[in-house]
Number of protein chains: 2
Amino acid sequence: MSAHATHECVQLVPIFQELEASQLDTIESIVQHHHYQTGETLFNAEDSLDTLLIVAGGQVKVYQLAANGREQLLYLLQTGDIDGEAALFENKQRTSYAEALVPTDICSIRRDDFQQLMQQYPSISINVLNVFGKRLTQLEKQTTSTATESVEARLANYLTETAASLDVQAFKLPLKKKDLATFLGTTPETISRKLTRFEKQGLITQKPGKVIQINDADQLLLVE
Amino acid sequence: MSAHATHECVQLVPIFQELEASQLDTIESIVQHHHYQTGETLFNAEDSLDTLLIVAGGQVKVYQLAANGREQLLYLLQTGDIDGEAALFENKQRTSYAEALVPTDICSIRRDDFQQLMQQYPSISINVLNVFGKRLTQLEKQTTSTATESVEARLANYLTETAASLDVQAFKLPLKKKDLATFLGTTPETISRKLTRFEKQGLITQKPGKVIQINDADQLLLVE
DNA sequence: ATTAAAACTTGACCGCCATCAAGAAATAAA
DNA sequence: TTTATTTCTTGATGGCGGTCAAGTTTTAAT
């Protein structure tokens with residue numbers, strides 16, 4: 001972990017974007033750095049909630065476990081994303097688990113420090129509100145979709161959305177099928193079957209290396 | 001709608017709780033009042049997002065429609081609750097619908113006004129962050145639960161949680177079966193069947209007026 | 001390059017629950 | 001109260017998709 005990584009960390013995060021260089025320096029001084037290997041756990045549901053996490057580099061999955069032991073992937077955090085609820089409630093337990101999917105650098109800020117920052121720079125709270133708002137919107141959609149649509153429709157939607165957001169026709173699935181399955185609320189077996197089905201219908205083409213090529217996005221969106 | 005209803009409106013809401021009476025008066029002056037009949041629509045997904053809503057009295061359901069037309073109930077807003085994402089993003093469309101379930105009084109604050117308030121009184125942003133955080137936690141749980149657990153487990157969980165939060169053994173279902181069904185991601189028919197099943201197992205007793213009595217909460221929580 | 005382990009695919013089976021339908025009960029209206 | 005609507009319950013049916021299992025491919029390790 002090099003010295004300039006510290007600087008990158010706070011600069012990466014949109015929630016600090018209104019602050020000036022000198023103010024960023026102040027924040028840098030209270031940030032702690034961590035590194036996690038692939039598969040390593042960042043936190044468990046049993047852990048106490050006392051830090052705000054910033055993904056300085058890498059990829060992290062945040063998931064919950066249902067009573068029956070099944071896993072539900074909630075967020076896929078990328079570089080620059082934060083895991084935030086953490087810093088805002090007192091004496092609460094976490095409800096989620098987080099695990100590094102690739103070697104990952106994390107910066108953390110203690111809850112007390114972050115709350116002080118928010119008092120000092122109101123723009124931070126506003127920015128965090130925006131992050132939360134987007135996350136709420138995403139979760140609302142995910143809830144609606146898992147509760148009311150078929151697995152096939154959810155998968156089709158995921159494929160077209162991912163392609164659209166990357167602005168490409170073909171892309172590599174960013175997750176193992178198992179993780180993608182827990183994200184879509186299904187199983188790896190079903191994902192395999194549905195992808196094969198889409199391919200037979202000519203809607204997609206599966207290429208080596210988990211690459212999916214979208215052949216007919218319009219038709220995919222009509223899948224029920 | 002009486003004059004003192006204005007005063008109640010801002011006092012009701014936890015997000016303003018740190019403010020003094022004189023500051024509340026200022027806010028009162030920029031609040032608009034509305035009344036809705038049962039079944040009346042507060043907003044559609046097509047509406048623009050330019051106000052923060054405060055439920056001054058009554059009950060409101062907030063829901064989404066999936067591509068296939070099925071409804072998903074997301075929130076049941078009670079007196080004192082807010083519908084907030086609204087005020088925070090520019091030029092976005094709503095993604096949800098809202099409908100009054102009983103005669104309902106609403107106070108609204110325009111986005112610009114509310115953002116100004118947040119700049120002026122940082123405690124408001126912090127409070128809104130707390131509201132959002134709780135809502136996120138709730139939604140995360142709902143997503144996990146609908147995606148990974150059986151309808152039976154979700155219903156059992158809903159019953160025990162509702163009873164626990166009201167701190168009673170018996171309570172009246174606050175929603176029609178149809179709405180409860182869209183909340184739990186199922187159908188009214190299935191709810192009927194599951195409740196009958198629970199009753200036959202001695203776990204609950206159904207009484208006239210949609211009243212449910214919990215007989216064995218421990219056993220209910222073990223339902224898979 | 002070989003071996004070991006993990007991830008993926010395909011098949012067979014079957015249970016949960018959505019759907020359609022019709023009758024009963026409850027609520028609202030006249 | 002009587003009538004009309006809406007809501008609720010119960011039955012019959014069928015399909016989606018989860019589970020278990022075995023084989024295949026990919027990835028990782030030595």
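What you see below is based on every heavy atom in this structure, not just the backbone, and it leaves out hydrogens, waters and symmetry mates. Protein chains get the first letters and strands the later ones, always in sequence-line order, with residue 1 at the start of each.
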Side chain A:R111, main chain A:T51, donor-acceptor under 3.5 Å | no
Without decimals, in angstroms, what is the distance between [X] [atom1] and [N] [atom2]?
{"X": "B:K172", "N": "C:dT27", "atom1": "NZ", "atom2": "C1'", "answer": "11 Å"}
{"X": "B:L101", "N": "C:dT27", "atom1": "CG", "atom2": "P", "answer": "16 Å"}
{"X": "A:L184", "N": "D:dG18", "atom1": "CG", "atom2": "C1'", "answer": "15 Å"}
{"X": "A:K176", "N": "D:dT26", "atom1": "NZ", "atom2": "C1'", "answer": "12 Å"}
{"X": "A:I191", "N": "C:dT9", "atom1": "CD1", "atom2": "P", "answer": "10 Å"}
{"X": "A:N68", "N": "D:dG18", "atom1": "CG", "atom2": "C1'", "answer": "12 Å"}
{"X": "B:L173", "N": "C:dA25", "atom1": "CG", "atom2": "P", "answer": "19 Å"}
{"X": "B:R70", "N": "C:dC17", "atom1": "CZ", "atom2": "C1'", "answer": "10 Å"}

Where the side chain of B:E189 is defined as all heavy atoms beyond and including C-beta, which of C:dC17, D:dC8, C:dC20 is the nearest nucleotide?
->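 Selected nucleotide: C:dC20.
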Options D:dC8, C:dT9, D:dT19, nucleotide nearest the side-chain atoms of A:S192 | C:dT9
Steps toward side-chain hydrogen bond (donor to acceptor under 3.5 Å, both in side chains) verdict (B:T144, A:Q64) | CA-CA 7 Å; B:T144 300; A:Q64 290 194 335; 2.7 Å; yes
Is there a side-chain contact between [X] and the phosphate of [N], meaning an N or O under 4.0 Å from OP1 or OP2?
{"X": "A:T187", "N": "D:dG18", "result": "yes"}
{"X": "B:T190", "N": "C:dA18", "result": "yes"}
{"X": "B:K177", "N": "D:dT9", "result": "yes"}

Mind checking A:G39 for me? I need base, sugar-phosphate or nothing, with any heavy atom below 4.0 Å counting as a touch.
-> nothing
Before accepting this row, confirm whether a basic side-chain N of the pair [X]/[Y] lies closer than 4.0 Å to the acidic partner's carboxylate O.
{"X": "B:D50", "Y": "B:R110", "value": "no"}
{"X": "A:R94", "Y": "A:D83", "value": "yes"}
{"X": "B:K207", "Y": "B:E199", "value": "no"}

For the side chain of A:R193 and the base of C:dG11, is some donor closer than 3.5 Å to an acceptor across the two?
-> yes
Do A:H35 and A:T104 meet the criterion of a side-chain donor-acceptor pair at a distance under 3.5 Å?
->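 Side chains of A:H35 and A:T104: no pair found under 3.5 Å.
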Going by atom types only, do A:Y75 and B:E140 share a side-chain donor-acceptor pair under 3.5 Å?
-> yes
Go through residues 194-224 of chain A and report each residue with a non-hydrogen atom lying under 4.0 Å from DNA chain D, sorted by number.
-> A:K194
